[in-house]
Amino acid sequence: MNKSANVALTLPDGSVRTYPGPVTGSILAADIGPGLTKAAIAIVVNGDQWDLSREIEQNSDVAIITNRDEAALEILRHDAAHILAEAVKELYPEVQVTIGPAIDNGFYYDFARDIPFTTDDLAIIEKRMVEIIERDEDIIRSEMDRNDAVKFFHNMGEDYKAELIAAIPEGQAITLYKQGDFIDLCRGPHLPSTGKLGKDCFKLMKVAGAYWRGDSNNEMLQRIYGTAWRTKKELKAYLIRLEEAEKRDHRKLGKQMKLFHFQEEAAGMPFWHPNGWTIYQEIEAYIRRIQKNYSYQEIKTPQLVDRILWEKSGHADKFHEHMYTTESDNRTFALKPMNCPCHVQVFNQGIVSYRDLPLRMAEFGSCHRYEPSGALHGLMRVRSFVQDDAHIFCTEEQITDECITFCKMLLEVYKDFGFEDVKVKFSDRPDVRAGNDNVWDKAEAALIAAVDSAGLDYTLNPGEGAFYGPKLEFVLTDAIGRDWQCGTFQVDYVLPERLDAQYVGSDNDKHRPVMLHRAILGSFERFIGILIEEHAGRFPMWLAPTQVVVTGITSDQDDHVRSVYKQLIAAGLRAEMDLRSEKINYKIREHSHAKTPAIYVVGAREAEENTVTVRRLGSKQQRTLDLNAAINDLKAESLAPDQR
RNA sequence: GCCGCUGUAGCUCAGUGGUAGAGCGCGUCAUUGGUAAUGACGAGGUCGGAAGUUCAAUUCUUCCCAGCGGCACCA
């Protein structure tokens with residue numbers, strides 16, 4: 001070790017402060033100014049986050065983290081988790097603590113306790129947390145030998161902690177943090193004292209079950225979630241954001257806007273109503289046009305296929321518990337959970353020449369999967385769904401080009417739906433998989449080469465590939481910053497082998513094609529759910545179930561309203577008319593609530609002049625336009641993005 | 001599937017060991033009003049399902065189903 005008597009600390013602005021010996025972040029902060037003493041939370045030492053109380057013994061580049069820094073949030077939240085654990089241990093000493101990390105927007109802590117926490121407990125715990133913050137306990141770091149630490153926690157009755165430490169490699173020092181009487185295993189860093197967390201900057205949110213170490217074979221722990229922020233204002237803003245997100249909830253809007261419903265007799269399987277089905281059909285027609293442009297052929301295959309096919313394909317092996325089956329003819333049939341094996345059957349009819357490749361086969365195939373009951377979530381996770389599914393049969397040499405073209409197509413589609421921000425993840429071989437390692441080496445190499453050629457940045461998602469091949473996953477970000485994984489592109493050498501797909505090459509020999517599985521939207525159900533939340537129900541004109549409502553001021557205009565309505569329908573628009581004897585205020589309010597994008601009002605004046613007064617959703621402005629001009633505007637606006 | 005919570009009118013929700021209520025919506029009538037709620041009257045519920053405790057269950061208990069929040073899973 002290169003210890004010098006003097007310790008020189010270089011600050012971000014380049015200035016250097018020298019101390020005669022080891023120095024702590026706190027001392028440094030105090031030297032710089034009293035304001036910083038108060039605001040300081042931790043210190044970055046040569047890129048690592050340290051506690052303010054930890055002694056710096058060598059010359060270092062340092063930066064003090066204050067509560068104004070983003071980095072402060074994670075530390076703060078981690079501390080909130082510790083304060084939560086301390087409060088729980090004080091209130092319920094029989095509870096064992098396990099882990100409690102900072103997460104997006106907050107923190108959680110998992111406890112082992114026979115009796116689950118209730119929401120009433122949350123208020124009590126929260127109160128105790130405030131007390132701990134007011135006590136302003138010092139948070140003290142110490143190190144302990146691994147084996148000593150295991151004993152230490154066992155003696156305290158904290159078996160889970162002991163198990164965690166036992167899993168840390170031998171010889172590695174263990175850091176402990178003590179605040180009041182509460183000691184926890186932790187990497188740190190932490191705030192200097194509990195008082196640094198604002199007592200009105202956090203809130204406990206919910207209780208939930210969570211498996212020990214995330215494994216469903218293990219016992220279930222009691223998890224308490226909380227949110228924590230630097231300021232009360234930030235906390236409030238976050239809570240408002242949650243409320244806003246709730247308003248967009250597609251399940252709520254789906255009901256309100258009469259798009260679809262679910263019921264007990266068909267859990268997880270949507271009943272589409274006329275409004276929702278209109279959106280669905282628009283999207284399907286759009287995708288069909290795009291696919292045609294990209295030289296896909298559309299097919300349709302059976303819903304019910306003998307189990308034997310699923311055994312051959314390997315799906316039954318891995319997913320039989322998630323497949324619906326039915327008996328008939330002394331055979332077991334499975335409702336198809338996916339389309340690919342059926343597409344291979346189509347491919348296998350007759351003889352395909354290398355000249356026919358790449359062969360792009362698309363199907364809006366209705367699939368069923370018995371999803372675990374706890375997984376169901378509105379349209380986002382269903383048991384019956386349709387994908388914009390397609391399989392490309394091609395040669396190895398064609399993979400790259402196909403991938404490039406697909407990426408282009410996918411970005412085009414996302415853009416048409418208003419999603420410009422797209423992330424790509426590359427998922428490689430999972431532990432449980434079909435096909436030998438040579439095949440996987442080949443498939444992964446081909447896919448990486450392809451995505452590189454497509455010019456897309458991607459992040460690695462190790463072990464998350466499909467059982468038959470690696471995949472790219474396309475993630476889009478919605479209007480309120482949430483990520484949704486939708487598109488996929490998978491390279492598959494396994495299924496063609498298992499289902500014996502062949503083509504005749506230019507050498508007149510038989511060869512295996514490679515199969516590329518791909519989807520852009522993923523499931524229509526889920527994508528529509530995403531769109532509902534993206535637009536908060538205010539669909540763009542081309543998707544709006546009702547595009548325009550015509551209504552009169554008084555019943556004297558009824559005939560004229562009928563005539564305008566007929567012209568709108570004749571123009572191919574999804575129009576409604578409202579002839580009820582309600583006041584115009586009432587009708588405007590109602591149709592605005594229904595999120596109808598355009599309202600045409602005809603009073604005596606408009607009827608006389610053959611005009612309409614147009615009111616657009618979200619605007620109080622009224623514009624009186626010539627009827628034909630208004631209809632033409634609406635027609636232009638209601639074209640799908642690819643038709644403009 | 002696992003942990004917890006919830007399930008009352010079409011919707012949102014209140015309520016009670018003695019078989020139920022509001023607002024909105026719906027229907028009828030009146031009203032003909034220029035851009036986010038006109039008024040009156042009326043219809044509508046075996047209180048998620050099954051069993052149990054009780055003189056009596058929508059209310060208490062158990063089981064089942066579904067939904068919600070998480071966890072696990074997601075070809």
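Protein chains get the first letters and strands the later ones, always in sequence-line order, with residue 1 at the start of each. The figures that follow rest on heavy atoms only: side chains count, while hydrogens, waters and symmetry mates do not.
In this structure, A/F319 forms an aromatic stack with the base of B/A75, since both conditions hold: centre separation below 5.5 Å and plane angle below 30°.
To the nearest angstrom, C1' of B/A75 lies 9 Å from CG of A/L495. In this structure, the CE atom of A/M205 is 15 Å from the C1' atom of B/C68, given to the nearest Å. Nucleotide B/U35 holds its P atom 13 Å from the CD1 atom of A/I599, rounded to whole Å. Between the CZ atom of A/R383 and the P atom of B/C73 there is a distance of 18 Å, given to the nearest Å. The separation between A/H593 atom NE2 and B/C11 atom C1' is 14 Å, rounded to whole Å. We find that CG of A/D104 is positioned 13 Å from P of B/G70, with the value rounded to whole Å. Computed from coordinates, the A/H315 NE2 to B/C74 P distance equals 13 Å when rounded to whole Å. As a whole-Å value, the separation of A/E582 CD from B/G34 P is 15 Å.
Using cut-offs of 30° and 60° on the angle between ring planes, the pair A/H261 and A/F271 is parallel. Using a 30° and 60° split on the angle between ring planes, A/F260 and A/W272 fall in the perpendicular class, above 60°. In this pair, A/F524 and A/F364 present their aromatic rings perpendicular. The plane angle is above 60°, beyond the 30 to 60° band. In this structure, A/H377 and A/H250 have tilted ring planes: the angle between them lies in the 30° to 60° band.
A distance of about 43 Å separates the P atoms of B/U53 and B/G42, rounded to the whole Å. The separation of B/A20 from B/C13, taken at their P atoms, amounts to 23 Å, rounded to a whole angstrom. B/G39 and B/G33 have their C1' atoms separated by 13 Å, with the value rounded to a whole Å. If you take atom P in B/U38 and the same atom in B/U32, they sit 14 Å apart, rounded to whole Å. With C1' as the reference atom, B/U54 and B/A14 are 27 Å apart, rounded to whole Å. Rounded to the nearest Å, the gap between the P atom of B/C11 and that of B/C68 is 15 Å. If you take atom C1' in B/A36 and the same atom in B/G4, they sit 41 Å apart, rounded to whole Å. Nucleotides B/G23 and B/A37 are separated by 12 Å at their C1' atoms, to the nearest Å.
Within 4.0 Å (heavy atoms only), A/Y468 reaches sugar-phosphate atoms of the nucleic acid but no base atom. Note on A/R223: only backbone sugar-phosphate atoms sit closer than 4.0 angstrom, heavy atoms only; bases stay farther off. Residue A/Y108 is out of contact with every strand shown, counting any heavy-atom pair closer than 4.0 Å. Among the heavy atoms of the strands lying under 4.0 Å from A/P337 is at least one base atom, whether or not backbone atoms are also near.
Under the Watson-Crick or G-U wobble criterion, with both distances below 3.5 Å, B/A14 has no partner in any strand shown. Base pairing annotation: B/U31 forms no Watson-Crick or G-U wobble pair, as no partner gives both donor-acceptor distances under 3.5 Å. B/U19 is unpaired under the Watson-Crick or G-U wobble criterion, no partner having all donor-acceptor distances under 3.5 Å. Pairing partner, B/U58: none, since no Watson-Crick or wobble contact has both distances short of 3.5 Å. Under the Watson-Crick and G-U wobble criteria, each requiring two contacts below 3.5 Å, nucleotide B/G1 is paired to B/C71.
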### Query
Would A/K89 and A/E158 satisfy salt bridge (Lys or Arg N to Asp or Glu O under 4.0 Å), going step by step from the backbone distance to the final call?
CA-CA 11 Å; A/K89 284 296 281 185; A/E158 298 286 2; 2.7 Å; yes

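Between A/H322 and A/I553, the residue anchored closer to the 5' end of RNA chain B is A/I553, taking for each the nucleotide with the nearest heavy atom. Comparing A/S216 and A/G378 against RNA chain B, the residue whose closest nucleotide sits nearer the 5' end is A/G378.
Below the 3.5 angstrom threshold, one finds no donor paired with an acceptor across the side chain of A/R369 and the base of B/C73. Looking at A/R615, its side chain comes within 3.5 Å of the base of B/A36 through a donor and an acceptor atom. No hydrogens or angles were tested; on distance alone, a donor-acceptor pair under 3.5 Å links the side chain of A/E606 to the base of B/G34.
Taking 4.0 angstrom as the limit, A/R251 places a side-chain polar atom (N or O) nearer than this to OP1 or OP2 of B/G69.
A salt bridge between A/K471 and A/E464 is absent, with no side-chain N of the basic residue lying under 4.0 Å from a carboxylate O of the acidic one. The existence of a salt bridge linking A/R381 and A/E525 is excluded, since no basic side-chain nitrogen approaches an acidic carboxylate oxygen closer than 4.0 Å.
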